[in-house]
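Here's the structure we're looking at; comments come further down.
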Amino acid sequence: MPELPEVETIARGLAQRVTGDVIESVWLGSKPEPLKSPAAEIAQTLQGARITGVRRLGKHIVVDLEPQGNSLKIVPGKTSRAKSKSVLATKAQKSAPAPKAQWIVHLGMTGQLLVCRSDAELAKHTHAIAKLASGRELRFVDPRRFGRLAVVRTDAGFATPGIEPLEIGLDDFAKLFRGRKTPIKSALLNQKLLRGVGNIYADEALFRAGVRPRRRASSLTRAELARLYESVKQVLREAITAGGSSISDYVDSNGDPGEFQMQHRVYGREGEPCLTCRTRIKRVVIAGRSSHYCPKCQK
DNA sequence: AGGTTGACCTGGACGC
DNA sequence: TGCGTCCAGGTCAACC
């Protein structure tokens, strides 16, 4: 479910609500799929850490952490309570400022990262809970288990390929598609090129640009690339303003749905009239993904 | 090497 | 009501 605007909405909400809070303890479910880092490493990194910020990188949520006792010398007795003699404690002792850490969350198709009261009912498919010093909890819920949790503790921090679509310039944007035989729709979904665009916004951007999803990426004219460039940015910005698109289970960190699904012009509108020319919207499958377009408005 | 397909999961919608 | 089928916002590994 979550593409760039949804992840951005969630990250902004979390930043507002949990920045400065401290993770007191962590519970991780028994299902191993969601964990990309070893459970012990995740627990150890999060426990006692102060949240210094939350942001989005592509479709990832990055929770910036200041490990426990960062500026202090950590002695084994101090980290005591849990699992950890901890690699963390050892490292912190050596280098005066302990390395910053990050908690990386990818929501997959159905993941949710929610802030709630600790007495709130536990949703089915809750895979992780971070208890906060403020008395609230940060919960990761994901029925389909396509989501992923990881921690990163390198100086460089979390990195992912691809360019942010809201930051790229037109020339670099055009370069991404040069010589690519793949359909433009698939190229837009390729996270190694642009990071954050997903199925809904690819379809919506192509409609606004007047380009059919099956067109080979390399066949787009400069004018079409320029229109697509603007369309991608426009549709993402509008969707962020609307708080994202809620098709079935997307909610922000507060549990509230987005509004942008009301403004979809082609996605999910198969058989309905084009809002511009009344032609029926078509749905085709491209590289396994359903793709919606107006056969008249898009060339 | 670039491009395409299927697998990974669960649950909701729909047809019979 | 119940069962089967299809579909879903994302990403990989495995193929061609």
Side-chain angles (χ1 to χ4, degrees), chain A residues 1-11 29-36 56-61 104-113 123-127 140-150 158 160-162 165 175-207 213-219 232 235-236 238-240 242-252 256-271 282-292:
Chain A
M1 62 153 211
E3 305 182 31
L4 186 151
E6 291 76 33
V7 180
E8 179 71 28
T9 301
I10 292 164
S30 53
K31 298 268 172 53
E33 296 90 22
L35 307 185
K36 263 189 104 177
R56 176 194 63 76
L57 211 58
K59 293 175 191 169
H60 300 265
I61 296 168
I104 310 300
V105 181
H106 194 293
L107 300 170
M109 294 271 265
T110 54
Q112 302 177 345
L113 200 51
K124 199 176 169 186
H125 305 297
T126 299
H127 303 303
F140 175 67
V141 181
D142 182 18
R144 280 175 80 178
R145 284 184 278 150
F146 285 177
R148 295 291 179 259
L149 303 180
F158 177 67
T160 183
K175 263 185 218 159
L176 294 178
F177 307 112
R178 204 168 285 171
R180 291 195 181 266
K181 287 189 255 172
T182 195
I184 185 65
K185 167 71 182 282
S186 303
L188 286 172
L189 293 181
N190 184 344
Q191 301 297 297
K192 289 180 179 148
L193 302 179
L194 287 177
R195 58 186 189 217
V197 178
N199 208 33
I200 293 177
Y201 300 106
D203 279 5
E204 292 297 317
L206 285 167
F207 172 76
R214 249 201 252 278
R215 286 273 302 281
R216 286 182 179 224
S218 59
S219 78
V232 167
V235 77
L236 292 176
E238 288 178 19
I240 290 170
S245 301
S246 292
I247 301 299
S248 65
D249 42 19
Y250 161 71
V251 291
D252 65 17
D256 297 325
E259 302 283 346
F260 194 71
Q261 66 280 8
M262 307 303 296
Q263 296 174 54
H264 292 171
R265 299 183 193 171
V266 286
Y267 185 84
R269 297 192 64 243
E270 179 185 14
K282 282 189 80 168
R283 173 183 172 276
V284 295
V285 175
I286 300 171
R289 313 302 306 280
S290 75
S291 305
H292 313 71

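Note that this is a predicted model, so its numbers are computed, not measured. Proteins get letters first, then strands, A, B, ... in listed order; numbering begins at 1 in each.
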Kindly say if [X] contacts the phosphate of [N], meaning a side-chain N or O under 4.0 Å from OP1 or OP2.
X: Ser290(A); N: dG9(C); value: yes
X: Arg180(A); N: dG2(B); value: no
X: Arg289(A); N: dG9(C); value: yes
X: Lys181(A); N: dG3(B); value: no
X: Gln191(A); N: dT11(C); value: yes
X: Lys192(A); N: dG2(B); value: no
X: Thr110(A); N: dT10(B); value: no
X: Arg145(A); N: dT10(B); value: yes
X: His125(A); N: dG11(B); value: yes

Counting only side-chain heavy atoms from C-beta out, which of [options] sits nearest to [X]?
X: Tyr250(A); options: dG9(C), dT11(C), dT4(B); answer: dG9(C)
X: Ile200(A); options: dG10(C), dG9(C), dT4(B); answer: dG9(C)
X: Ala287(A); options: dT5(B), dG9(C), dT11(C); answer: dT5(B)
X: Phe146(A); options: dC8(B), dT4(B), dG9(C); answer: dC8(B)

Point to revise | Side chain proximity check, Phe146(A) to Thr110(A), heavy atoms < 4.5 angstrom | key: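 Phe146(A) does not reach Thr110(A) side chain to side chain.
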Check your understanding: Is there side-chain contact between Tyr250(A) and Ile10(A), with heavy atoms separated by less than 4.5 Å?
Key ->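 Tyr250(A) reaches Ile10(A) side chain to side chain.
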How would you label the contact of [X] with the nucleic acid (heavy atoms, under 4.0 Å): base, sugar-phosphate, or nothing?
X: Tyr267(A); value: sugar-phosphate
X: Arg283(A); value: sugar-phosphate
X: Pro5(A); value: nothing

**Study point:** Base partner of dA1(B), which must satisfy Watson-Crick or wobble distances under 3.5 Å
**Key:**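 Base partner found: none.
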Review point. Whom does dG9(C) pair with, Watson-Crick or G-U wobble, provided both distances fall under 3.5 Å?
Key: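 Pairing partner: none.
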For the pair made of [atom1] in [X] and [atom2] in [N], what is the distance, rounded to whole Å?
X: Asp203(A); N: dA8(C); atom1: CG; atom2: C1'; answer: 13 Å
X: Arg178(A); N: dG2(B); atom1: CZ; atom2: P; answer: 16 Å
X: His127(A); N: dC9(B); atom1: NE2; atom2: P; answer: 12 Å
X: Ile286(A); N: dT4(B); atom1: CD1; atom2: P; answer: 10 Å

Exercise for review: Classify the angle between the aromatic ring planes of His127(A) and His125(A) as parallel (below 30°), tilted (30 to 60°) or perpendicular (above 60°).
Suggested key: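 Answer is tilted, since the angle falls between 30° and 60°.
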Review point. Do Thr9(A) and Asp252(A) get their side chains close enough for a donor-acceptor pair, meaning under 3.5 Å?
Key: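 There is no such pair (donor and acceptor under 3.5 Å, judged by atom type) between the side chains of Thr9(A) and Asp252(A).
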Exercise for review: Verify whether one side chain among Tyr201(A) and Ser245(A) offers a donor that lies under 3.5 Å from an acceptor in the other.
Suggested key: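 Tyr201(A) vs Ser245(A): donor-acceptor pair found between side chains.
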Practice item. Over all heavy atoms of both residues, which pair between Ala205(A) and Val235(A) is shortest? Give the atoms and the distance, please. Key: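 It is CB-CG1, 4.2 Å.
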**Study point:** Base of dC9(B) paired with side chain of Arg144(A) (donor-acceptor, under 3.5 Å)
**Key:**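 Yes.
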